[in-house]
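Let me begin by presenting the structure, written as structure tokens, before commenting on it.
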Amino acid sequence: MVRSPAITAGGIRFDKPFRTVSIFGATGSIGRSTADVILQHRQAFAVEVVTAQSRVDGLAEMAIRLDARLAVIGDASLFEALRTRLSGTGIAVAAGPAAIVEAASRPVDLVVAAIVGAAGLEPTLAAIDAGADIALANKECLVCAGALFNRRAAAANVRILPVDSEHNAIFQSLEAANVGAVERITVTASGGPFRTFSLDEMRRVTPAQALKHPRWSMGPKISIDSATMMNKGLELIEAHHLFDIGSDRLDVLVHPQSVVHGFVTYADGSTVAQLGAADMRIPISHCLNWPHRVATATPRLDLAAIGTLTFEKPDLERFPALSLARDALVRGDWATNILNAANEVAVGAFLEGAIEYLEIAATVEKVLERATATVGGTEFATVETVLALDAEGRRLAGEQIEFRGRRAS
Ligand code: NDP
Ligand code: MG
């Protein structure tokens with residue numbers, strides 16, 4: 001599917017657009033970093049579609065900067081606002097969730113899946129069905145759809161290129177000829193803003209504190225997931241599906257400097273890792289240009305200046321979300337689906353001030369417990385079942401949060 005660029009002795013020659021790209025979630029943190037990478041090699045890419053949910057100004061600006069052919073806003077009430085901002089530019093506009101899914105069916109070489117949450121599932125599946133390779137940032141869609149996602153990708157014969165820095169590192173460290181000799185796969189974790197907090201200190205943390213990640217600049221949902229370490233749990237599930245490896249051979253290692261992003265240990269005792277600055281433009285550039293490497297203006301590692309790299313085991317008592325995710329992975333796709341849905345609702349409630357930080361994992365735990373009795377063991381062959389389970393997880397989480405709110409008042 002991906003066409004090869006013309007290679008010259010000095011690297012890739014960008015005579016004409018060689019890769020058509022659509023960006024879903026273009027106004028977000030990953031979307032903006034993607035635009036930055038594309039604009040550094042403007043001639044190498046033609047942008048077909050850009051989408052957002054409600055940031056209409058950001059979307060219009062992005063569409064113009066990238067010279068996109070179509071801009072789609074998820075919130076249908078913003079159609080007129082988008083049309084006005086793009087009038088006279090020749091850029092087509094559309095609005096509503098169905099229009100986002102439809103736009104994902106437009107033929108392109110690569111779709112950057114950077115919508116946050118399970119909302120990214122249907123557009124990403126539509127892009128897969130249309131035959132696009134996927135640069136996958138939206139880990140939640142893989143967590144909520146499980147094996148079904150991979151089956152769809154295999155049926156369409158498309159490639160899933162991992163944008164998530166840890167998975168991109170592992171992808172870079174995997175030797176195609178030696179996947180059978182992989183012993184263990186490790187994702188590293190910065191440990192987030194509360195790595196050194198006691199449980200007692202965690203009781204009082206605010207959304208503003210939780211949003212302030214020590215190493216990475218990211219959207220609000222993943223920032224909270226990093227603070228609870230649910231993000232690392234989601235990443236274990238993501239790694240399981242991306243690399244077809246069981247939970248018993250997947251490790252998490254806390255590494256506060258965020259220099260080593262992930263590594264693969266082989267049967268002969270070699271461990272192969274990828275290192276890089278904590279800048280998402282590095283894995284994004286890797287995916288956009290894969291299998292080539294293209295010069296990108298990103299910070300370079302200065303290991304002498306960093307001096308020391310440290311590693312420690314995660315503390316499952318202070319970060320129970322990690323165990324919840326690992327348990328869900330063992331229990332099956334229905335459980336990871338419910339875990340993800342409950343977490344999305346709980347994170348939203350925390351950001352709105354409806355629950356406290358420690359209640360995020362507690363809510364997810366309770367929802368998983370209740371869901372075991374009602375939907376436990378559900379297998380899904382269709383997206384409709386995936387979405388029905390997701391809705392059930394959200395409903396149970398809503399009930400749980402309301403129940404806590406009533407108890408507190
Ligand atoms: P942001 O919140 O910054 O951006 C999310 C994007 O999705 C925005 O364009 C937003 O539009 C759009 N969006 C939000 N809700 C919907 C919806 N219901 N339907 C359609 N579009 C929607 O998130 P990030 O860029 O941080 O993260 C995106 C994904 O990438 C997540 O899955 C995250 O886990 C993953 N990821 C992110 C990393 C990072 O460094 N940020 C690192 C690794 C993975 P609008 O702007 O209008 O709200
Ligand atoms: Mg990550």
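Only heavy atoms go into these numbers, but all of them, side chains included; no hydrogens, no water, no symmetry mates. Heads up: numbering here begins at 1 and tracks the sequence. In each ligand, atom 1 is the first atom listed, and ligand 1 is the first ligand listed.
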Closest N/O/S atom of [X] to the Mg ion (ligand 2), by atom name?
X	value
Glu166	OE1
Asp164	OD1
Glu235	OE2

Quick one: side chains of residues 239-246, donor-acceptor pairs under 3.5 Å with protein atoms, not counting sequence neighbours, listed by atom name and distance.
from, atom 1, to, atom 2, distance (Å)
His240, ND1, Ile245, O, 2.8

Arg293-Gln172 side chain donor-acceptor pair, cut-off 3.5 Å: yes
Taking atom types as modelled and ignoring hydrogens, do the side chains of His167 and Glu238 form a donor-acceptor contact shorter than 3.5 angstrom? yes
Is any side-chain heavy atom of Gln40 closer than 4.5 Å to one of Thr296? yes
Tell me, which pairs form a ring pair (Phe, Tyr, Trp, His ring centres under 6.0 Å) where one or both residues lie in residues 182-205, sequence neighbours left out? Phe194-Phe197, Phe194-Tyr357
Partners of Lys221 by side-chain hydrogen bond (donor to acceptor under 3.5 Å, both in side chains), sequence neighbours excluded? Glu140, Asp225
Please report the closest heavy-atom contact between Val260 and His255, naming both atoms and the distance. N-NE2, 3.1 Å
Would you mind writing out a table of all protein N or O atoms found under 3.5 Å from any N or O atom of ligand 1, naming both atoms and giving the distance to 0.1 Å?
from, atom 1, to, atom 2, distance (Å)
ligand 1, 3 (O), Ser29, N, 2.9
ligand 1, 9 (O), Gly25, O, 3.3
ligand 1, 9 (O), Thr27, N, 3.4
ligand 1, 9 (O), Thr27, OG1, 2.7
ligand 1, 9 (O), Gly28, N, 3.2
ligand 1, 11 (O), Thr27, OG1, 3.4
ligand 1, 11 (O), Gln53, N, 3.0
ligand 1, 19 (N), Gln53, OE1, 3.1
ligand 1, 25 (O), Ser29, N, 3.1
ligand 1, 25 (O), Ile30, N, 2.9
ligand 1, 26 (O), Gly219, N, 2.8
ligand 1, 30 (O), Ala137, O, 3.4
ligand 1, 32 (O), Glu140, OE1, 2.5
ligand 1, 41 (N), Ser29, OG, 3.2
ligand 1, 46 (O), Thr27, OG1, 2.6
ligand 1, 46 (O), Arg55, NE, 2.5
ligand 1, 46 (O), Arg55, NH2, 3.0
ligand 1, 47 (O), Gln53, N, 2.9
ligand 1, 47 (O), Ser54, N, 2.6
ligand 1, 47 (O), Arg55, N, 2.7

